[in-house]
Structure formats: structure tokens, C-alpha cells
Engineer: 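Sharing a structure with you now.
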Number of protein chains: 2
Amino acid sequence: MQQEMQDQEFNIKQDPYNYMLRVLFNRWKPYIIRAISFDQDAGRPTYYSAFFKQLPITQKVLSQNLKELEQDGLIERHVLPENLRVEYHLTEYGSTLLPILDAVYDWGWHDMKKKDIPIDPLGEMWHGYRKQDASRMHQPFKNKQ
Amino acid sequence: MQQEMQDQEFNIKQDPYNYMLRVLFNRWKPYIIRAISFDQDAGRPTYYSAFFKQLPITQKVLSQNLKELEQDGLIERHVLPENLRVEYHLTEYGSTLLPILDAVYDWGWHDMKKKDIPIDPLGEMWHGYRKQDASRMHQPFKNKQ
DNA sequence: CAGTATCCTTAGGGATACTG
DNA sequence: CAGTATCCCTAAGGATACTG
């Protein structure tokens, strides 16, 4: 019985850390979730087009990530037929990730400060590390100027 | 003065989330830190060769990650000249990441359970989700059978 | 407006061999 | 024993064009 146990190796594909790399810790998901959460706090939904006003992400990558986040139960997608817009909301389940994201951001923020690495001010606003300035926070990245 | 603020875009390279993707959330670092922490709890150091008994990682990738972790102040490297071995320890600073890693693992573990995704038992032992079995936990991955 | 579809680039990691 | 050095490969993301 010990033998049948021993012929197993660690399978990273079935481990929660690796799983979380797919579910949450990729290049854009923390920012997408943060953007939705930020709008939610302000009492408004997040439209598909709104992400581009905050994040230099392409449509392909955004759509991919939104689809995965929806399939994983972290966000909800609502189509408004009258004007062809689509709203995104954080689910309650998805919001259970916010404390983790906060802890990660905070650790990183302090480490960067400690090491004198410059920190992006927009991200700081989203996280309350800098006074919020609406005129900057929704300034489009594209069609700038 | 508002103008000079507005002509800035979000620079992901200077944001803590992205920074943490390099510092901590890559394929192997959570496991490396976990392995050292596990040995530390058991009162012993972690030798370079010991990682290969737990993780299917290559020497190149392990060395790379250990070097970064050391440069980032998360682990310490001690050479024992008498027998040419090298020990690795978690620094106090590095151990401040453990609560975050635990929270990430736990969220992922519960999510996988909820969705009936099989979870690797070795990782569960390292995290106390399964009774520890020393005979399995240090079974080499390489030269198996 | 909110997406697909295609093509391309690159960074991270894997395999293997070699070294002080 | 504890690493480098090379070469290779894939998966994630970027650029651009098109669509209901």
C-alpha cells in the first residue's frame, strides 16, 4: 500500500498555485478585476469599452480574459440590447479575491518603495495609495492627444 | 498643471502587480519558497539538491529562480566549504510572503474542490491539507523506479 | 459597440551537455 | 555537489484587420 503511493510524482498541473497562475495571476487579470471593483465602489458598472480607457490592453486579450473570468465565476456579463453595450460586474465570489489582490499589491508596493523603484501613479490611485483624480483615472490610453 | 498630469499613461512595468509576477508569481517560486519554509519548520536547511527531490524542475530554472530570490532578499545562500554543499534559508523578509502564499493556495484549493478538479496530494501535504507522509514527501522525482 | 480572426513576437521554461 | 552554457519550444500576449 505504501508502494502504490510512492509511484506518484508531484504533478504541478494539479496544484493550486499553478491553477491560480491561470485563474488570477496573469498579466492583466488583476487589473481587470481591480477596474471592475473600482467602478462597483463608485456605483457604476464597467463597460467593455471602459477597460481601454484605463488599460493598454488589446481587444483580443481583453475578450479572452473576460471570458475566462466569467467561466470561472468571478465576473458576470450583462448585455444591454437597447444600446448594444455590455456591462461587467464582479460576482460575490469574485470579490473574495480582492483581499488577496490587495495583499499582493501592498507587498509589492512596499517592496518597490524600499528599493526605490518608481511606481505607476494610476495604479496607486486605484489602490488608495494616492489621492484619486478622476480626470486622470479615466483618461483614454488610446487616441491620446 | 492638470495638463502635465494627463499626458501620462498607465505603465504596467512600473506597477506592483506586474512586479509581483516577476518577484513571486511565476511557475516555480511559490514551490521553492514553500519547500524552504517546510524544511525550516522541521528545523533543517534546504540543500540545493533537495529541491529536485520534491520538484520536477531543471537545474537551470532552479538556479535562475534561487538567484533572483536571493537578489530580492527573500532567501539566503550559505556555502558549506567542507562538503561543497549549499544551504538555502528563508529570510525574515521572505517569510512575510508566506501569509500571501497561503491565502493564494487556500483560495485555489477551495475553488478546485468546488469544481471537482483533482488536487495534487504532495502539495496538500506541504500545506497541511493532508496528513504528512515523510516517505512520500521526499521521494525523488528523478531516477524514479 | 463589442467583439473575432490572423499573423507575429517574445519571454519563460525544458532538455541536454559540460564544469570547478 | 552545485551549478553554467546552449539550444529548443511553446504559450501568452501584441498588431492589425474584419464583422454582426
Engineer: What I want to check is whether the side chains of B/Tyr93 and B/Asp72 have a donor and an acceptor closer together than 3.5 Å.
Structural biologist: no

Engineer: A side-chain contact here means heavy atoms from C-beta on lying under 4.5 Å apart; do B/Phe25 and A/Leu24 qualify?
Structural biologist: no

Engineer: With the side chain of A/Tyr48 defined as its heavy atoms from C-beta on, choose the nearest nucleotide among C/dG14, C/dT4, D/dG13.
Structural biologist: C/dT4

Engineer: If you measure only the distance, is there a donor-acceptor pair under 3.5 Å linking the side chains of B/Asp39 and B/Tyr47?
Structural biologist: no

Engineer: Is the shortest heavy-atom distance from the side chain of A/Tyr17 to the side chain of B/Leu101 under 4.5 Å?
Structural biologist: yes

Engineer: What is the nucleic acid contact for A/Ser49, judged by heavy atoms within less than 4.0 Å: base, sugar-phosphate only, or nothing?
Structural biologist: sugar-phosphate

Engineer: Judged by atom type as modelled, is there a donor-acceptor pair below 3.5 Å linking the side chain of A/Asp111 to the main-chain atoms of A/Trp107?
Structural biologist: no

Engineer: Give me the residues of residues 25-36 of chain A where at least one heavy atom lies under 4.0 Å from an atom of DNA chain D, by number, or none.
Structural biologist: A/Asn26, A/Arg27, A/Trp28

Engineer: Taking CZ from B/Arg22 and C1' from C/dG13, how many angstroms apart are they, rounded to a whole number?
Structural biologist: 16 Å

Engineer: Taking B/Thr91 for its side chain and B/Glu76 for its backbone only, find out whether a donor-acceptor pair lies under 3.5 Å.
Structural biologist: no

Engineer: Verify the contact: side-chain N or O of B/Arg77 to OP1 or OP2 of D/dG3, cut-off strictly under 4.0 Å; return yes or no.
Structural biologist: yes

Engineer: Scan nucleotides 15-20 of chain C nucleotide by nucleotide, 5' to 3', and note B when protein non-hydrogen atoms come under 4.0 Å of the base, S if they reach only the sugar-phosphate, - if neither.
Structural biologist: B-B---

Engineer: Let me know the distance between CD of A/Gln64 and C1' of C/dA2, rounded to the nearest Å.
Structural biologist: 15 Å

